[in-house]
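Have a look at the structure below, then the notes.
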Amino acid sequence: MRILGLFFRLTGGFVLAAAVILVIVSAIAFVILKTAYKKEMQTDMDRYAISVFNQIEEEIIKTPKDGVMDVLVHFKKQIGLELGLYQGSEGKFFRTDEKIVGSMTEYLDYNKEEVYLSLRNEKFRRIIEDDALTYLFLIKEPVESKSIILLRKDYRDLVNRTKTTALLFISVILILIATLWGAAYWTYYKLVESFRSIEKDVGRIAGGDIDFKLAAEYQSELGNLSAPIYKAVNQLRDKYSDLLGEKEILETIVSTLQGGVLVLDESRKIISANLPMLKILGSDQLIGRLYWEVIRDLSLLEQIERLERDKTHLIEEIQIQDRHYLSTMNSIHNGRQMVLIFYDITALKNLEKVKKDFVTNVSHELKTPLTAIKGFVETLIETDKSAEHKKFLEIIQRNTDRLIRIVHDLLTLSELEQKDQKTMLESVDLLTLIHKVLPVFDKGALLKDIKIEVDARQDHYRILGDEFKLEQLFLNLIDNSLKYTEKGTVTINLYSGNHEIIAEITDTGIGIPDKHIDRLFERFYTVDKSRSRSLGGTGLGLSIVKHIVQIHSGKIDVKSRIGHGTTFTIRFPSLDA
Amino acid sequence: MLADKITDLKRTIVKYSILVREMIEKSVMSLLDDNECLAKEVIEVYEPKVNEGELQIDEECIALIALYHPEAKSLRIVMMIAKMVNDLERMGDKAVNIAESALALINKPRVKPYIDIPRMKDETIRMLDDSLSAFVNEDTTLAYDVLNRDDTVDELRDQIIRELITYMAADTKVIDPSLHLLRIARNLEKIADITSNICEEVIYIKEGKVVKHIQDHIKLEGKTC
């Protein structure tokens with residue numbers, strides 16, 4: 001149907017125009033033909049009428065008055081024309097046909113004199129009517145009779161002949177048009193067939209079926225159209241099979257991974273999950289479901305929501321039921337998809353715990369004997385008068401102090417590292433706290449001639465924290481700054497912004513080389529071992545600092561330039577926000 | 001648009017249930033592990049969160065009804081979530097009761113070894129988990145199953161009561177801790193009861209059939225499932 005519709009739209013206009021032209025041409029031809037026929041007939045009739053008239057005239061003259069009608073009938077039979085006789089003197093009218101009466105009687109009545117006058121000079125008078133041709137002749141003898149003979153030739157034959165010719169003409173042309181139209185349709189049909197074939201193939205391609213043999217190769221113009229399509233399909237097929245292969249490889253890799261892999265799509269439905277992931281989430285059917293329908297762990301749900309919001313990259317340790325996982329979460333395609341990977345680190349965690357327990361226990365065990373040693377050495381120093389002994393004893397005392405500090409720091413650290421332990425957090429004003437801490441350093445600063453300055457615009461910087469631990473944090477940081485600064489100042493800068501309270505501790509000391517910055521907060525890590533030892537450092541101070549900051553949900557950063565000094569920046573969530 | 005909003009609401013209620021589930025788990029664990037911190041966390045951290053969450057979800061439900069005029073199933077779901085949040089908040093209150101009693105028992109000599117209480121807790125948590133799965137998946141088979149399991153928790157509670165009465169009759173000194181244990185058992189049983197409410201709602205959503213207050217009926221149907 002659609003095809004026919006198109007065909008009619010394409011050719012209908014032409015055919016209609018042709019038909020209109022045909023009608024006009026036929027009408028014109030009809031008129032021309034009719035005129036030509038009429039003219040030809042007039043010429044013929046003129047000659048014929050004269051010859052016939054002479055015979056009739058002779059006969060009429062011979063015949064008595066009452067025999068006139070018979071003569072007329074006789075001649076009508078002979079020549080096939082209608083005849084009439086008008087006897088002007090008596091006003092009588094004879095005729096072989098009714099029609100001659102109608103128009104001619106009236107005509108002759110009105111134009112009698114004029115007709116007689118003209119007929120005396122001419123042989124005959126011709127009257128042309130719509131449907132007939134009438135000739136008038138005057139009978140010469142006897143002159144007074146004023147008789148006129150009428151000869152009437154009907155036109156109907158002529159009209160019929162013209163009509164037939166015209167019809168024939170129209171028929172021929174109509175047949176011609178129909179034939180041409182048919183031929184056009186046949187060509188068109190063939191063309192459409194080819195298009196249909198291509199259309200079918202393209203339809204299959206659109207439906208995703210590209211794995212088929214090409215149905216046909218097309219010649220001519222269509223070939224130009226179809227060839228690139230089939231070429232494109234071939235390439236597509238190759239690429240598709242490549243992709244399939246790659247996908248298979250990827251799937252194999254993902255399924256053989258030890259870690260759990262979870263991929264979420266834009267609507268946050270799970271589109272991919274491997275076997276370990278099924279085990280982690282304790283569900284046997286994940287694909288196609290919304291993530292929150294299957295994840296029954298609050299912290300994981302919150303992390304996914306955070307990822308949804310921030311569209312970034314998260315690496316977090318997470319505990320699901322009794323197992324620990326290191327989860328790497330990535331937002332890809334600008335947040336449209338998410339990839340979550342879980343590594344089981346329970347074994348590592350357990351090992352870490354064993355190590356920490358060991359350190360804690362050893363430290364505890366060391367603390368008691370060390371206290372005893374320290375006490376007795378102090379007593380010995382006081383009682384022993386020998387200078388040489390005193391020197392040795394002082395060395396013992398110094399090293400014992402150092403050991404005690406290390407043990408103390410280790411204990412503090414392990415205490416901080418115990419995650420289960422809940423610190424009681426309360427509102428703490430950092431400014432008051434710092435002022436409370438500073439007097440400890442008065443002596444040391446005075447000795448080295450270093451100024452300690454506090455720069456704060458507001459009266460209060462309140463955060464939620466543990467006062468004792470925060471004191472330790474600032475003690476460690478300021479102590480560090482003093483240790484590594486020979487001259488200049490140590491500045492403590494407090495300010496708030498963006499729901500945070502920021503504390504900056506800046507010194508003008510020796511600075512830290514870049515390569516050490518990353519490892520600065522590790523346990524027992526010291527930049528310069530010999531210097532650290534001479535200054536009495538344990539290598540645990542910054543590690544403790546980092547843990548205290550973590551307990552307060554804060555962040556710590558270091559910036560340093562060698563020879564110019566170091567800045568530690570700590571950010572705490574503000575309580576006033 | 002409405003479908004999206006309902007999905008969001010569902011997500012919020014699932015998250016809320018997980019919060020309550022953790023709360024219940026921690027309240028019982030504080031007793032079993034003698035961990036005072038956990039009990040305090042339940043009372044001081046979880047309880048305010050759960051209360052706040054209830055108001056928030058309630059408001060979201062009302063806003064959704066006012067703005068989108070849900071009909072038929074959508075309306076049933078929104079109404080169910082509004083009821084569910086109420087149920088869950090009540091569970092939270094029960095968990096606080098448990099934590100309070102746990103605080104009274106922690107680090108004191110145990111009246112008896114805790115054997116049935118952990119079993120009761122596990123069963124209750126499993127019921128809550130399953131009712132949540134039934135809700136998320138609109139799984140009525142699971143919902144009927146949970147309804148039938150309510151008896152197990154009831155039996156465990158009765159067993160604990162019987163046992164404690166024996167102890168109390170023998171030694172008047174253990175009356176105080178025994179009463180606390182009793183309170184814990186009864187609250188756990190109540191939590192299990194409220195869980196059945198959620199399952200009944202699930203059945204109502206899916207089948208449009210009210211199965212409340214016709215316990216025997218449910219059992220018959222449940223067995224055929």
Side-chain angles (χ1 to χ4, degrees), chain A residues 262 264-270 273 278-309 318-323 336 338 353 415-427 464-466 551-553 573, chain B residues 1 3-26 29-30 32-46 49-50 53 57 77 81 88 92 99 106 122 125-139 142 202:
Chain A
L262 192 73
L264 304 181
D265 73 357
E266 204 165 354
S267 57
R268 303 300 172 240
K269 278 191 175 143
I270 297 168
L278 296 179
K279 275 187 198 151
I280 292 172
L281 292 180
S283 171
D284 28 312
Q285 204 215 331
L286 292 178
I287 310 290
R289 307 186 60 185
L290 289 161
Y291 74 89
W292 49 263
E293 289 180 350
V294 286
I295 295 173
R296 289 288 154 80
D297 187 273
L298 206 58
S299 54
L300 183 55
L301 280 178
E302 270 163 5
Q303 274 188 37
I304 296 176
E305 274 171 17
R306 214 172 103 203
L307 190 68
E308 232 178 328
R309 220 175 27 242
I318 199 162
Q319 194 183 351
I320 299 175
Q321 257 123 43
D322 296 331
R323 301 199 73 79
R336 282 207 295 277
M338 290 183 196
K353 191 166 178 295
E415 196 181 300
L416 287 170
E417 279 177 348
Q418 267 175 11
K419 269 196 178 157
D420 302 341
Q421 186 210 5
K422 289 279 164 199
T423 1
M424 293 313 280
L425 300 180
E426 56 197 1
S427 170
L464 204 60
D466 180 314
I551 285 172
H552 292 87
S553 321
Chain B
M1 195 63 196
D4 286 351
K5 289 281 160 193
I6 287 183
T7 312
D8 274 355
L9 199 59
K10 266 183 158 178
R11 176 162 83 163
T12 319
I13 192 82
V14 166
K15 232 179 110 181
Y16 187 72
S17 344
I18 294 170
L19 184 75
V20 173
R21 176 191 184 280
E22 266 183 20
M23 189 177 175
I24 299 166
E25 176 116 39
K26 282 193 175 163
M29 284 317 285
S30 70
L32 301 180
D33 292 353
D34 281 322
N35 189 338
E36 207 171 312
C37 285
L38 278 182
K40 279 186 179 157
E41 198 186 350
V42 167
I43 299 169
E44 285 163 15
V45 182
Y46 278 86
K49 258 199 215 171
V50 168
I57 296 173
I77 291 178
I81 289 172
L88 287 166
I106 285 168
D122 288 346
I125 294 276
R126 209 174 306 133
M127 275 173 76
L128 179 57
D129 271 349
D130 286 350
S131 69
L132 206 58
S133 298
F135 166 67
V136 167
N137 305 331
E138 294 187 6
D139 180 351
L142 191 59
V202 171

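Naming convention: chains lettered A, B, ... in sequence-line order (proteins, then strands); numbering from 1 in each chain.
Between chain A and the residues B/Leu38, B/Asp4, B/Val14, the most heavy-atom pairs under 4.5 angstrom are made by B/Val14.
The 12-atom threshold is exceeded at NZ of B/Lys10, counting heavy atoms of other residues, nucleotides or ligands nearer than 6.0 Å.
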inquiry  = Between B/Glu25 and A/Arg296, is the salt bridge (Lys or Arg N to Asp or Glu O under 4.0 Å) condition met? List the steps.
reply    = CA-CA 13 Å; B/Glu25 176 116 39; A/Arg296 289 288 154 80; over 6 Å; no

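Proximity to chain A involves both the backbone and the side chain of B/Ser133, based on heavy atoms less than 4.5 angstrom apart. Heavy atoms closer than 4.5 Å to chain A are found in both the backbone and the side chain of B/Leu132. Only the side chain of A/Leu290 has a heavy atom closer than 4.5 Å to any heavy atom of chain B. For A/Leu298, the parts lying under 4.5 angstrom from a heavy atom of chain B are both the backbone and the side chain.
The salt bridge (Lys or Arg N to Asp or Glu O under 4.0 Å) check on B/Lys26 picks up B/Glu41, with sequence neighbours excluded.
B/Lys15 NZ to A/Ile295 CD1: the interatomic distance, rounded to the nearest 0.5 Å, is 12.0 Å.
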